[in-house]
Each structure stands twice: as structure tokens, then as C-alpha cells.
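Read the structure below first, then the notes.
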Protein chains: 2
Amino acid sequence: MPPKLLLVEDDPLLASTLTETLSIDHQQVDCIGDGGAAETRLSREHGYDLILLDLNLPTRSGLDVLATLRAHDHVTPVLILTARAAIEDRVKGLDLGADDYLAKPFALDELEARVRALLRRRQSSQDDPLTLGSLRLDRQRQLFTLDEVSLSLPPREHRLLACLIRYAGEPVDKARLLDEAFAGESVGDNAIEVYVHRLRRRLADSDVRLRTVRGIGYLLESA
Amino acid sequence: MPPKLLLVEDDPLLASTLTETLSIDHQQVDCIGDGGAAETRLSREHGYDLILLDLNLPTRSGLDVLATLRAHDHVTPVLILTARAAIEDRVKGLDLGADDYLAKPFALDELEARVRALLRRRQSSQDDPLTLGSLRLDRQRQLFTLDEVSLSLPPREHRLLACLIRYAGEPVDKARLLDEAFAGESVGDNAIEVYVHRLRRRLADSDVRLRTVRGIGYLLESA
DNA sequence: ACGAAACTGTAAGGTTGGCGTCAGCTCAAG
DNA sequence: CTTGAGCTGACGCCAACCTTACAGTTTCGT
């Protein structure tokens with residue numbers, strides 16, 4: 001499971017440079033150039049492992065975004081990027097719950113180092129199993145258990161379910177599933193429906209439901 | 001009580017890097033660069049929760065240190081660090097009672113992950129014989145017993161089963177088996193399947209099953 | 001030293017199960 | 001009612017796995 005980053009940066013040139021650089025180490029980097037849009041995205045999408053946040057943004061400042069994020073109990077690590085050398089911004093940022101701070105201009109090497117450092121912390125939280133109702137994923141062993149009994153799945157179904165439980169409770173659209181669970185592998189659109197069908201049968205008499213959200217995708221929830 | 005680590009490593013640069021890295025997560029890291037000194041320290045000081053052991057050391061090799069340790073009934077988990085070339089040393093190390101190994105050069109992230117994993121098992125009994133159902137491995141004597149009667153196995157089958165019972169209940173992938181049980185020795189992919197087959201016959205009417213996890217490997221479980 | 005027995009690994013053919021497409025169906029939205 | 005998205009059972013392909021046979025090698029007793 002590759003780490004997923006969200007880059008919030010309005011300068012297109014810098015954004016593309018960073019995206020390119022970070023993509024070398026990390027599978028997926030989404031980019032948004034607008035504070036309001038970032039808030040919207042983050043309210044719907046809880047799967048990011050790290051947020052790179054510019055402070056000087058259109059519509060909503062980075063500090064606003066961060067404040068909203070923490071107010072909603074998001075714990076995703078945040079690395080602040082800003083041109084303002086102003087020291088009070090840094091203090092404000094850290095007070096608001098940012099995890100690190102980098103002043104522009106910065107060396108790409110240093111950014112990478114800090115990103116790695118923040119992502120490394122992710123692993124400790126990754127030691128804990130993910131659970132939803134009586135379904136449970138031990139991420140070390142890559143092993144599902146349902147009602148305390150081990151549930152062995154074929155590789156594809158396993159990946160799909162792992163992806164769904166990661167975003168437990170929120171809808172995940174098909175394109176994203178294709179992207180994250182089966183990156184690159186030629187998986188037809190219909191194939192996912194078949195996996196879902198097979199998974200539903202396995203989860204039939206448990207307290208976990210795999211609901212379909214028409215026009216969007218699927219969502220895993222507990223009864 | 002914070003975990004306490006002993007690092008036995010003679011390269012000063014690597015030693016300081018590791019000490020620094022590990023100190024972030026763990027309160028105390030002691031470091032010793034000499035095999036004989038490490039033995040002395042360990043004979044007096046039984047409080048370590050984990051030992052990181054380089055194999056290539058002055059005065060006494062890491063394997064000697066480990067052997068002495070186990071001969072004195074020390075049960076402290078040991079993580080071996082060794083150059084990738086010395087493959088047969090890893091097997092020796094694991095046979096002598098090491099708990100994991102890591103080949104140099106390694107990523108710091110990976111080291112941290114393994115250290116965490118080993119510390120997590122801290123309380124679970126490490127010295128007692130490993131048992132699963134009516135199958136039991138006496139690690140001192142390297143002897144299996146099944147339903148109280150001793151089960152003598154050919155060397156290869158023994159190593160395979162030992163590796164499987166060590167990860168009892170979780171799937172172990174073929175690559176890992178090849179690596180840990182038969183490191184280096186030219187063992188074709190199909191050979192494992194043959195061993196498994198032979199082991200299954202021996203375990204046929206017991207409460208231990210050797211299940212295959214398609215696309216992954218094998219898993220030992222009790223009925 | 002010699003032969004027998006046990007161990008080891010490869011080859012070959014049979015079996016299984018995951019995978020993905022299809023065709024026909026259901027069902028919700030407009 | 002129409003339409004298109006999603007559901008579902010069936011089918012064939014293929015890779016992974018099982019099983020047996022056999023030949024080369026080591027171990028061990030005599």
C-alpha cells in the first residue's frame with residue numbers, strides 16, 4: 001500500500017515540480033491549487049497519509065484549511081510550505097497542529113527528507129489493525145478476520161477489500177479503486193462489479209455491508 | 001517502562017546513525033563495538049528488551065555471542081544485521097535462536113519496523129517451546145514432537161516446518177521460505193511443493209493442517 | 001569399502017481455483 | 001416507460017499448485 005500525498009499549492013510550476021519529484025518515491029500525489037477546494041476534498045476523502053500545505057492560497061488560506069482540518073479531528077500529518085519567512089506564521093501553524101515547516105525557497109532534497117520522516121511515523125499507526133464492525137485487517141500479516149475467524153481471500157478480492165476498509169464509511173469511486181487496488185493491471189470496468197459480488201457473498205451474514213453508491217462507486221459500512 | 005536496546009556494531013558511523021535513529025522511538029540505546037565486551041555486558045545485565053547484533057565483530061563473532069547467549073538461557077530477542085553476501089550465516093543465526101535478520105545495506109525505515117515488531121512480542125514467551133495444537137518444537141534440542149511422540153524429520157523438512165511454526169497462523173510466502181529456511185541453497189520453486197507434500201503426509205492424522213494460500217505461500221494452523 | 005536405505009530435487013502430467021468476459025437480468029432515476 | 005448503471009450466474013483460460021515417479025546423492029551400518 002503506497003503512501004498517498006495531497007499537495008495544496010497554487011503556483012503551477014512549483015506544483016508540477018514537486019509532484020514530479022515526490023512521485024518518484026511515492027505512488028500517488030494529488031494536487032489542488034485552491035484552499036476551498038482542498039477543504040472540500042479533505043472533508044470527503046480521508047485516505048491521505050500526508051498533506052503538503054502552502055499557506056498563501058486563493059479562496060482560503062492554508063492556515064484556515066489546517067484549522068478546519070484539526071477542528072474536524074483529522075490527524076493526517078501536515079507539512080507547511082510557505083514563502084513568508086514571518087515567524088509568527090510558523091508558530092501559528094505549529095500551534096494549529098502542523099507537524100513540520102519548510103520555508104521557501106527550499107532544496108528538493110530537504111523536502112524529500114522531511115516527507116520521508118513524516119511518512120515514517122505513519123508506519124507506527126500502520127501497526128494497528130484496521131477494523132470495521134467484526135471485520136478486521138491485520139496490516140502486518142495482510143490477513144483479514146471476520147468474527148474472529150480468519151478470512152482468506154484471493155489476491156484481487158483482498159486488495160479491493162483492503163482499499164475499501166481503508167476508506168471505511170465513505171464512498172470510493174470505481175476509478176480510484178482501479179487506480180489504487182489494481183494499479184496498471186488491466187482490469188475491466190465490469191470486473192470490479194464481479195469482485196464486489198463475490199465479496200458480498202463472503203460478507204453475507206456479518207455486520208459489514210458493501211453498499212453501492214450509484215454513479216459513484218462503493219462504500220463499506222457496518223450495520 | 002521504555003524499551004531498552006543493545007546495539008552491537010563495530011562500524012562507528014553506522015553505530016551512531018542507528019543509535020540516533022532508534023533513540024527517537026526508544027528511550028535507551030546502548031552501543032558496544034566488540035564481541036567479547038558484548039558478552040561480558042550481557043552476562044551481567046539482563047534488562048535488555050532487544051539486541052541488534054552485527055555478525056562481523058572484533059574479538060568474538062556475532063554468532064559466538066549469540067550462541068553463548070542462548071547457552072546461558074537468555075531469551076532476549078535478537079535481530080541480526082549482516083552483509084548480504086554471508087547468506088549461510090543467516091541460517092546459522094536463526095538456528096542459534098535469532099529472531100529476525102536484516103541484510104546490509106538496509107533502509108532505516110525497515111529496521112525501525114522490524115524493531116517495533118520484535119518489541120511488540122516482548123511479553124510473549126520466546127524461550128518456551130513453540131507449540132501449535134499437538135505439534136511442538138523444542139528449540140533447545142531442535143526436536144519436534146507430535147502427540148507426545150517424537151517426530152524425526154529430514155533436515156530440509158525440519159527447517160521448513162520450523163519456519164512455518166514460527167509464523168504459526170499467518171501465511172508465509174514462498175520467497176521468505178526459500179530465504180529463511182534454505183538461504184542460498186539452490187532450491188527450485190517446485191522443491192518446496194514437494195516438501196510440503198511430504199510434510200502433509202506426516203501431519204495427516206493430527207490436528208495440525210498445512211494450508212496453501214494461493215498466490216502467497218503456506219500457512220500452518222491447528223484445527 | 002560396499003551396499004542399502006534414506007534424503008533430495010527435477011521433470012511431467014493432472015487438478016484446481018482465480019480471473020475476467022459475456023449475456024441476460026434487475027432496479028432506480030428521470 | 002425508458003434508459004443506463006449495476007447485478008449475477010455461467011463459462012473458458014491459464015497460472016499455480018499437487019502428485020507421482022525417478023534419478024542423483026548422501027548417510028549409515030556392516
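Quick note on labels: first sequence line is chain A, next is B, and so on, each numbered from 1. These figures come from a predicted structure and were not determined experimentally.
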Item to complete: Return yes if the base of C:dA28 and the side-chain atoms of A:Arg214 contain a donor-acceptor N/O pair under 3.5 Å, otherwise no.
Response: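 No.
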Counting side-chain heavy atoms from CB outward, which of [options] is closest to [X]?
{"X": "A:Thr212", "options": "D:dG6, D:dC18, C:dT8", "result": "D:dG6"}
{"X": "B:Val194", "options": "C:dT21, D:dC18, D:dT19", "result": "D:dT19"}
{"X": "A:Pro155", "options": "D:dC17, C:dG18, D:dG6", "result": "C:dG18"}

Below 4.0 Å: OP1/OP2 of [N] and any side-chain N or O of [X]:
{"X": "A:Arg198", "N": "D:dC7", "result": "no"}
{"X": "B:Lys174", "N": "D:dC17", "result": "yes"}
{"X": "B:Tyr218", "N": "D:dA16", "result": "no"}
{"X": "A:Arg201", "N": "D:dT8", "result": "no"}

Grab the [atom1]-[atom2] distance between [X] and [N] for me, whole Å please.
{"X": "A:Arg159", "N": "C:dG18", "atom1": "CZ", "atom2": "C1'", "value": "12 Å"}
{"X": "B:Ile216", "N": "C:dG17", "atom1": "CD1", "atom2": "C1'", "value": "14 Å"}
{"X": "A:His197", "N": "C:dC25", "atom1": "NE2", "atom2": "C1'", "value": "12 Å"}
{"X": "A:Arg202", "N": "C:dG17", "atom1": "CZ", "atom2": "P", "value": "12 Å"}
{"X": "B:Leu177", "N": "D:dC17", "atom1": "CG", "atom2": "C1'", "value": "15 Å"}
{"X": "B:Glu193", "N": "C:dA11", "atom1": "CD", "atom2": "P", "value": "13 Å"}
{"X": "A:Leu210", "N": "D:dC7", "atom1": "CG", "atom2": "P", "value": "9 Å"}
{"X": "A:Ile192", "N": "C:dT21", "atom1": "CD1", "atom2": "C1'", "value": "15 Å"}

Discussion item. Among B:Arg202, B:Arg201, B:Arg198, exactly one meets salt bridge (charged side-chain N to carboxylate O under 4.0 Å, His left out) together with B:Glu157. Which residue is that?
Written reply: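 Checked B:Arg202, B:Arg201, B:Arg198 against B:Glu157; only one passes salt bridge (charged side-chain N to carboxylate O under 4.0 Å, His left out): B:Arg202.
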Practice prompt. Mind running side chain to side chain contact (heavy atoms under 4.5 Å, CB included) on B:Leu153 and B:Leu199 for me, showing each step along the way?
Written response: CA-CA 9 Å; B:Leu153 296 175; B:Leu199 277 175; 4.2 Å; yes
Any side-chain to backbone donor/acceptor pair from [X] onto [Y]? Under 3.5 Å, distance only.
{"X": "B:Arg200", "Y": "B:Leu210", "answer": "yes"}
{"X": "A:Asp49", "Y": "A:Lys4", "answer": "yes"}
{"X": "A:Asp10", "Y": "A:Pro58", "answer": "no"}

Worksheet item: Toward the 5' end of DNA chain C, which comes first, A:Leu153 or B:Asn190, by nearest nucleotide?
Response: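 First, find each residue's nearest nucleotide; the 5'-ward one identifies B:Asn190.
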